[in-house]
Structures are given as C-alpha cells and as structure tokens.
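Below, chain A is the first sequence line, B the second, and so on; all start at residue 1.
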Amino acid sequence: MDKNLCKIQGGFWMTFLDDIRKIEDKWQKKWKEDQVFVGKINDTKPKWFLTVPYPYASGPLHIGHCRTYNIGDIFARYKRQSGYNVFWPMAFHITGTPVQAVAYQIKIKNEKIWKIYEDYVSIYEKDPTKIKSIVQSFENQENVANFFANAIIKDFLGMGFSLDDTRQFTTGDKEYNKFIEWQYKILNEKNLITKGSYPILWCVNDKNAVGEDDIQEGDLLKVEVNDFVGIKFRLNSGTSLVAATLRPETIYGATNVWINPDADYNEIEISGEKWVVSKEATEKLKEQDHEIVVIRKIKGKEFVNQEVTVPITKEKIPIYPATFVDTDHATGVVYSVPAHAPYDYAALVDLQNDEETIGKYTLDKERLEKIKPISLISVKGYGDFPAVELCEMLGVKNQKDKQKLEKATQTIYKDEFYSGIMKDITGKFKGLKVEEAKDAVAKKLKEDNLATEVYETSKKALCRCGGQIIVAVLEDQYFLNYGDKKWKETAFKALNKMVITPEKYRQAFENTFNWLDKRPCVRKRGLGTEFPLTKGEGWIIESLSDSVIYMAFYTVIRTIRENNIKPEQLKPELFDYIFLDKGKIKEVSQFTDISEEYITEMKESFEYYYPNDLRHTAIAHISNHLSFAIFHHVAVFPEKYWLPAFSLNELLIREGQKMGKSKANVIPIAQIPEKYSVDLTRLHLASIATADTVVDWRETEVNFALQRLRKFWEYANRSVDVVKTEILNPAFPSRIFRSSIKTNLQKALTAIGDFNIRDYVLEGFYGNIRVIDEYHKIAEHLQREERETVLKEAIEQIIIVMAPVIPHISEELHERMQHEGYVSLKQFPNIEITEDDKQNALQAKFISNLLDDIEEIVKLVKTTPQKIHIYINADWKNELYRVAQEIFEDEAVKIGKIMGVAKENKVLNKYMKEIADEAKQMLRDPSIFRIEMLSAEKQKKAIEGYKEFISRTFVNAEILVHVAGDKDIYNPQKKAQKARPMRPALLLE
RNA sequence: GCGGGGAUUGCCGAGUGGUCAAAGGCGCUGGACUUAGGAUCCAGUUCUUAGUGAUUCGGGAGUUCAAAUCCCCCUCCCCGCACCA
C-alpha cells in the first residue's frame, strides 16, 4: 500500500527486524509473567505515580497517540531506573456521546460507519469471517467499549509500555459511577454547582439536544448558537412586531420595518404581551422557554403600511414588504437600517423603484421617497453610510444579489464592530465603541422590557434523523461555576506551584483559567453517571468531569475488584474516609458492610500513591481536561494531594499531513510492531523532535533510525562474548573515548531529568554511536584486548542508560551479556564528570579542529604532503590570552589596555613587540576571549597521542611537532610565529 | 477580533548573547567497497581562500566589543475561543 514501506520490509536487514520482533515478544511475556510493572506498595523506595490520560475506547489508537504514551513510558522507565517505585496504571474512557453514537450508527446501518468499523476491527481480527458479526455486535454500546478497551490495552502492552494493567476500569463501570457521584456530592456541598437557563442546539424531531455528530454534515457546517435581540416595535393596537437583530445598537438608525408580505405570521400571547412573529418563530420560541398562545394567524401583508414606534427614539416608522425576509430565521421580522446594513439598503432602493409593489400595497409614495439612511456609527475608512458605499463598490444589483450582500454584510459587521464609534444621535451611548455599545444597548432595551433574547442557529441544519435543528433553552440547567472567585483563586494557587513542561504552555493554562466561567455540567445525551441532584430525570453528568480526579480511583479499584465489593457499598462516606480522612473506620465499615481490612488497604494505597506526581498528555487538553483537573483537585482534595506536575507534547502528522480517517494515512498502533518493530518506533518517536514541536513521521527518516539501531545491535553483539581485561594504562584514544561516552551519557541523563527526551536520545544513543564509530577508526592500531574491553564497558553502560527508549533490545543484550535481572529495573550508573574528562574533551576537540585544518590545506594545495609540521604556540601566548580574557571580564578589550597590562607582566614583558601584532589579531575576533585553552604541553601531548592516526589519515605523512620559541626548530616559512593557543600553525611539505 | 505559539541554510529540524557558516537527519553530487545493494564508509552541498575573508537565520530599524539569539515596528503561518471528547 505504501511504496516507502517496502524499503523497510524488503531490505537485507529483514533478519534483524525479524530477530528483534521475536525479542520484543519474548520480553513482553516475561515482564507480564513476573509482574514487573505492577504497582506494589514499597516503603523502601520513594513512589512515583504517573498518569497519561486514559484513551477514549470508541476506536483504535494510532501512532499519534503512541507518541504521547511513548513519552509517558520513557518517563516511567527513567524514574524506575532512577530508584523510584513507579506506578503507572491505565483505564478507559467511554462516557459521553462517541461510544453511544457508534452503537447508534451501527444499529441504523449507516454504511460509512459500518465500513470504517469493519476496517477498525480487521486491524485486530485476522479471521475475515468474524468481522461482520463483531461489528454487528456494536449495536450494543458496551461491546464497542469492551472491544476497543481490550484492543488498546493490547496495543499498549505490545509497545512495551511499562503499565500496570491490573487496575483497568472504564468510566461506565458502576463502581466508577459511585466515585463520580461522590465527586459531585463534594462539589455541591461546596456550592460550586449553580443553576440557570442555557441555550443549546436541539432537534425538533427527537426533542433532544444535539451535538456535532448528530447534525448532518455537522463537522463541516459547524453550527453555533447565535444570540439575537428581539426588539419590540409597538403597533398602535398595542401589539408588538418583534424584529430580531444581531446589532441592537443600530436601533438609532431604524427607518422602517420589513415584513415578508406573503408569509405566515402569528399574533401570539406571551408573558402577558401580544407579539407578532413568523409561524416558524412561534415554534422556536416555544422551545426557548416561553409559554405561548397563538391568538390568530395572519399574512405578513396585513401589516404593510401600518406604523410602529421605535423603542428608545420613539420615532414612528412604516412597515414595508420585502421578499428577502426569511420567516425561518429568528423572528421573521426585521427592522431596516439602510445606512449600515447592505440588505436593508438594497431592499429600500428596490422598493423605491418598484412601482408595481408600491401600487399593489398602495404605499405612500411620498413617504417612501423621503426615507433616507440614518447614520449612527462613524468608522474609519468609510463615510456616513458604509452600507451604501459597499453596495456601490461591489455592484450590488438588488436584494436578491445574495452573494455580494452577504460579503458586504460581513465586512461591515467586522469593521464597525471592532473600529466603529457611536455618533451623537445615539444619546447616552455616543462615543462608545460599537463593541461595547452593542451590549449596552441590548441591556438597556431588556431592562426597559423593550427587547428579549431570541436564539437562532448560525446556519440552517438538519439532524441525522431529518428533523430541523433549532435552538432550545433549557431551564434550570446545572453548571459548574468555574467563575467562582475563591475556586479560581485556589486553582491559580495550585497552578503557580506546579511544574508545567515545556514551561511555555503555562500561559495557556492561565488564559484558560481566566476565561473559564460557568459550564453546563449535565446533559441528556450520552453515557455517564446519573446526575445525583435530579435522580430519575435522565440527566447525565457531562463526561469531562469523568476525567479530572479519577487518578485517585486507580489507587482503590483493585481492592474493590479483588474482594468483590459491590457498587452499592461504595457510599460517599467510604470515599470521604479514604480520600479525605473523614469519619471513623468502624462506622464506615458498618455502614458500607466492607471489612475494615479492605477499607484500610484502600486508604493506605491512596495515601501511599497520591498525589499523581506527573500527568503527561497532548497539548489539546490544556483548555479542558487538564485545567479542570486542577480545579477539581483543589475543590475536592487537601493541598498535599494537588497535582504537582504536567508535561505536554504536540501532535504528530505524517509526511506533512494530518492523519485522518478520510485520508487513509493513519498508522494504527496495532500495526506498528510488524510494520516497523517496537523499539525502532519508540526510538524514532523519541528523537525526531522536541515535545513542543509537531512531529512529522516520514518513512525515509525512520529508515535512518533503523540503520542506527541495527548498527548498535551489531556493535553490542560483537561485545557479548568479550571477556573484559584490566587496562592499566589506556592509550590516548581510549581515554578520550571513555570520557566522551561518559560525557554523553551524563548529558543524556541530565536531559531526560529535564523532560528533554530528544536530547537524551541524541546524546545517549546517536551521539554515542558516533563516538564508537570514531573509536573504531582511531584505535585500529591499539591492542585488541584494550579496544574490546573499552568498547564493551561503553556498550554495557549505553544499554542501561538507553533502556527506557529501547527496552526490548536492552533486555536482550543485558541477558546475552550474562547480567542478572531485568535491565528495566537496573539503576542508572552514577556518572561523574571529572576535570580529566573535561580536559580530554577539550583535547579531542583540539585534535578534531587540527585535523580539519590540515585537511583544508591539503585540499587547497591539491598535493599529498610528505611531511606535516605542526607548530604549537609558545606558552607566553597562553598567558597573553589568559590576561586578555581577564580584562575582558570587566570591560571591552583595547590594544592599549593589553599592552599596558603586558608591560607589568613578568612573562609577557619580554615579548612586547610580538604582543602588539598579536593583540591586533585578537581584536578582530572578540570571541577568542571566551575560548578554553590547553597549555602548550597538553596540546603537544594530544598530538603525540594521535600521531599514528593523523599520519594514517594523510597517507602516512610524517608528523613533526614543534613548539614555537624552542631553539633551533625547523621553521623555514616563519609559520611558528603564527601559532595561537588551540590553533597550531601548519606547514605541509 | 482576542489569546497563545511560530518563521533558521534545497527540505525537516536543533540552536536563545561569543569557536555559529549554524547539530542531526533527509535530499542531491562525487568517490570507495561490492555479483548487486535502497546497506556501509569517505568527501562535498552560499561565495571566496594555505587553514582567510565576505554575506546569511521572514522584512526593517536598533542595543552590544560581539546578535539566529536582546529591544521596537511590520508581514506571513499555525492553534484555541466552551458544552466537543
């Protein structure tokens, strides 16, 4: 299916992949058998409790999810090998609408969904005859959840994740429901749940709330709720025409009311008033929490020519007919603001020129002629009548020119909203920005009972069942009041104490906290825990509340399951006792009929493991799950159990494209082992990019990781049978090699300690492979025993340090090298970088620069040198640099200053003439004032140590080392004088 | 619009004041090894040059002995803006 894939599957290295796949299976079985990763209380070690949010069990996970869990696993393994008793459990999220929606679509035989789910199932079920019946079984929502929960846990274990899989549960479990009920009891006790009305999208057919999934093409339409203001324009009879608008501030510019003459309207009685709205609007308003009685049905034309009073301005304006008025939109009545609304202007011009209509409705022509736009907003870049200007500019022909009118409306709305200022005619609102005036005018109108809320969908939409989608208002809706001042303050307090990594995401949390306000917390759709305050009414706790404090539930679920404790026994008093240390065990035990032993076990488990030391997930969850987790923790738990740390990662794309069902470019986790192999995938995922960047999974680059992994495998296997000997006096290259490996490993461990997995792999794995490559080259002439011993030492250490990323290969090599126990549990070596190591590193760098320089010259002169003379600087130059560096710490270096100081310096004052030249040279590149130097002696030693290798590199040229300033050195071209610290002069012959 | 994050050499991606012409990978070019190899190894991949110098890190202006990195302005891209998990 994928051309690039063949590269990996068909290569000569197939045996390698076959081998390591077997190894992966082998070690996963062993870990499982020995329960290596099952959490057990252990008082001899500090505990470390990791969670990665449980996945949603409505479909298979893919390599993008894998990135997140992979990072979690690397942390878990890192901590385990750093001496912690690590606890990383896993469960499944099934509440809310998705699982239910899948079941429903399968049931109604939605072909597209069937096809998708047959594909999904075929990832796991190899027997094609069984697939259809499994999908069929998804009619029952439990089967969906069970199937995918099982599949996902297998995926995870198949990736070698060091999970405790003995604590699985789903958010639909009865026991879990009890826990969520308890959570809500606490929130309610703390007055964090409030009531109010709330507009929602609603299907008139199902009589039920709908979400994006329920709407036909909902993912494309993105239907939203719009808040209209229905303004009452009173007729002389006392009845009001209710005209709906998104721009109430334009009431000052109203010139007339538009009504659709041929459409059906109703006169209705509502809250003791009489209104006229369209037939459709009548039905919508009924759902928007209004008691309505229809008094009579009327055609729109009956109102034409009548007069209404404009609220606030008290102007009398006429009602005119207009066909653009859509009775199925808001109230079906609109008022005209031709100065600022393109539709209105176009309709007005149309009407003024339409003799036929004027005649038909016997309109007062003189009055109609007199209607002129009334300007009420001044806006930069426009004159008094933006609508007129734009209509002319875009060439709007008439009110049927919808496309252009729509564009003009949008443009004006945006420009006026953000940069418009209310003019003098708007009374007390003059000078306000439109942005502010809009709400202020609406508020005033509502206060004076001149307007009402009217909700309408942003787009016309149909439910999948075929019913129309409207906006309904639910009365007495329950909200979580995240706006509660004290709650928010406490949440901020918790956030401020938390580690957020990468730190740049802290801002996103702060922003989320700031805009968080009341949030509806119950709904009628989907799976979940019944809302305890309204039992029997069919209200379900919305599913985000299922994923905020559940980490605590991991600590008790095993006791509940193992001892067959019934959901009914999980009373609030029990959780109060376990989690909040409230009440007495005796009473709780009697009350719940759970033995004191089990209660104690649960309490101890919770108190041992909590808090949840690190929660790792993708950044998409910042503005919901993660923020709510902080809020709910501070509401429910005492401060010592608040969340200490979150770490985050960006998403993963493939070959530059987002993965999506429709694109067929998804790599399911289940296919990773056979497609790539596990350790390869883990390695590549970890090293491909830093956590805060979007990862692009590209096949050609996976190939690189594969080749390095194989190389490491080969190097390591060559070392397996080596018997290490004691190296009494290691050669120069061996010393450098040891230091380099050590330094890289140390950098790697520091990096992962800082949550920087990429650098950890780059330094510890790829960096060290390069060091080994290099050693193979330079150590060719050394004794075999020395080489092999030094290499084996290094590889043994790399295996331990890199085990968190490539655990299977590491276990296998660890075993092949006859080491006892699991490398997964082996503590990292304690690495200390000594002064010697630093000197070694400096010497290595010195040599590498020297080689580059020689090569450079060889290339330029284009001949092979017989002799290479290397001139090391005289020691006084080191002294000069040192002095200059000292000066530089305080001030910019000037020649005069250097000369002055040199004159006073016993070593330097003999070389004043040379120093003048040298200083000039130094000032050209101030960065040399920062370099670390080796003494002439050490430079010389380094070169001597590599002499053999340098010579070999340049076709056995003779290497001659001279120190400038020594007597009688060979110096025909006066190169010796040019030698500088760390930069020997060269002469090639 | 508001809020957040970005813009690096052919591409992907490191790098936040000094050996940075800028890690690493991919791609490309040349060579080596090979029956062959998409494997491996070596060299090159801004221009210039006895190891030098010049110009580069979205655009512009500035601070500094020194700027991809700090300050200011501008342009463009991505993400979030709630009942969706």
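Pair assignment for B:C2 gives B:G80, based on Watson-Crick or G-U wobble hydrogen-bonding distances that are each under 3.5 Å. Of the nucleotides present, none pairs with B:A22 by Watson-Crick or G-U wobble criteria with both distances under 3.5 Å. Across all strands shown, B:U29 forms a Watson-Crick or G-U wobble pair with B:A43, both key distances being under 3.5 Å. Base pairing of B:G17 is not made with any nucleotide, judged by Watson-Crick or G-U wobble geometry with both donor-acceptor distances under 3.5 Å. Searching all strands for a Watson-Crick or G-U wobble partner of B:U55 with both distances below 3.5 Å returns nothing.
Using atom P as the reference point in both B:U69 and B:G24, the two lie 22 Å apart (nearest Å). Of the C1' atoms belonging to B:C77 and B:U8, the separation is 15 Å, rounded to the nearest Å. Taking the P atoms as reference points, B:C42 lies 13 Å from B:C26, given to the whole Å. Going from the C1' atom of B:G13 to that of B:G80 covers 25 Å, rounded to whole Å. When the C1' atom is used for both B:G59 and B:A68, the distance is 15 Å, rounded to whole Å. If you take atom C1' in B:G15 and the same atom in B:A23, they sit 8 Å apart, rounded to whole Å. Atom C1' of B:U48 sits at a distance of 24 Å from the matching atom of B:A66, rounded to the whole Å. Of the P atoms belonging to B:G60 and B:A67, the separation is 16 Å, rounded to the nearest Å.
Checked against B:G51, B:C84, B:A39, the side chain of A:Q707 finds its nearest nucleotide in B:A39. Looking at the side chain of A:W515, the nearest of the listed nucleotides B:G51, B:G6, B:A82 is B:A82.
Contact annotation: side chain of A:D853 to base of B:G51, donor-acceptor pair present below 3.5 Å.
Look at CG on A:D692: it is 9 Å from C1' on B:G5, rounded to the nearest Å. One can place CD1 of A:I772 at 17 Å from C1' of B:C41, the figure rounded to the nearest angstrom. Separating the CG atom of A:L626 from the P atom of B:G4 is a distance of 19 Å, rounded to the nearest angstrom. Taking atom CZ on A:R523 and atom C1' on B:C84, their separation rounds to 8 Å, with Å as the unit. Spacing between atom CG of A:L706 and atom C1' of B:G25 amounts to 14 Å, rounded to whole angstrom units.
For B:C41, one of the phosphate oxygens OP1 or OP2 lies less than 4.0 angstrom from a side-chain nitrogen or oxygen of A:K711. A:T97 has a side-chain polar atom (N or O) that falls below the 4.0 Å cut-off from OP1 or OP2 of B:A85. Considering only side-chain N and O atoms, A:R983 lies under 4.0 angstrom from the phosphate OP1 or OP2 of B:U52.
The aromatic rings of A:F704 and A:Y766 lie parallel to each other, with less than 30° between the two planes, well short of the 60° mark.
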Provide a list of protein-nucleic acid N or O atom pairs under 3.5 angstrom, restricted to nucleotides 10-13 of chain B.
unit_1 : atom_1 : unit_2 : atom_2 : d
B:C12  : O4'    : A:R698 : NH2    : 3.0
B:C12  : O2'    : A:R698 : NH2    : 3.4
B:G13  : O2'    : A:R758 : NH2    : 3.4

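The number of heavy-atom neighbours closer than 6.0 Å to NZ of A:K897, taken from other residues, nucleotides and ligands shown, is 12 or below.
Going from atom OH of A:Y54 over to atom OH of A:Y56 covers 10.0 Å, rounded to the nearest 0.5 Å.
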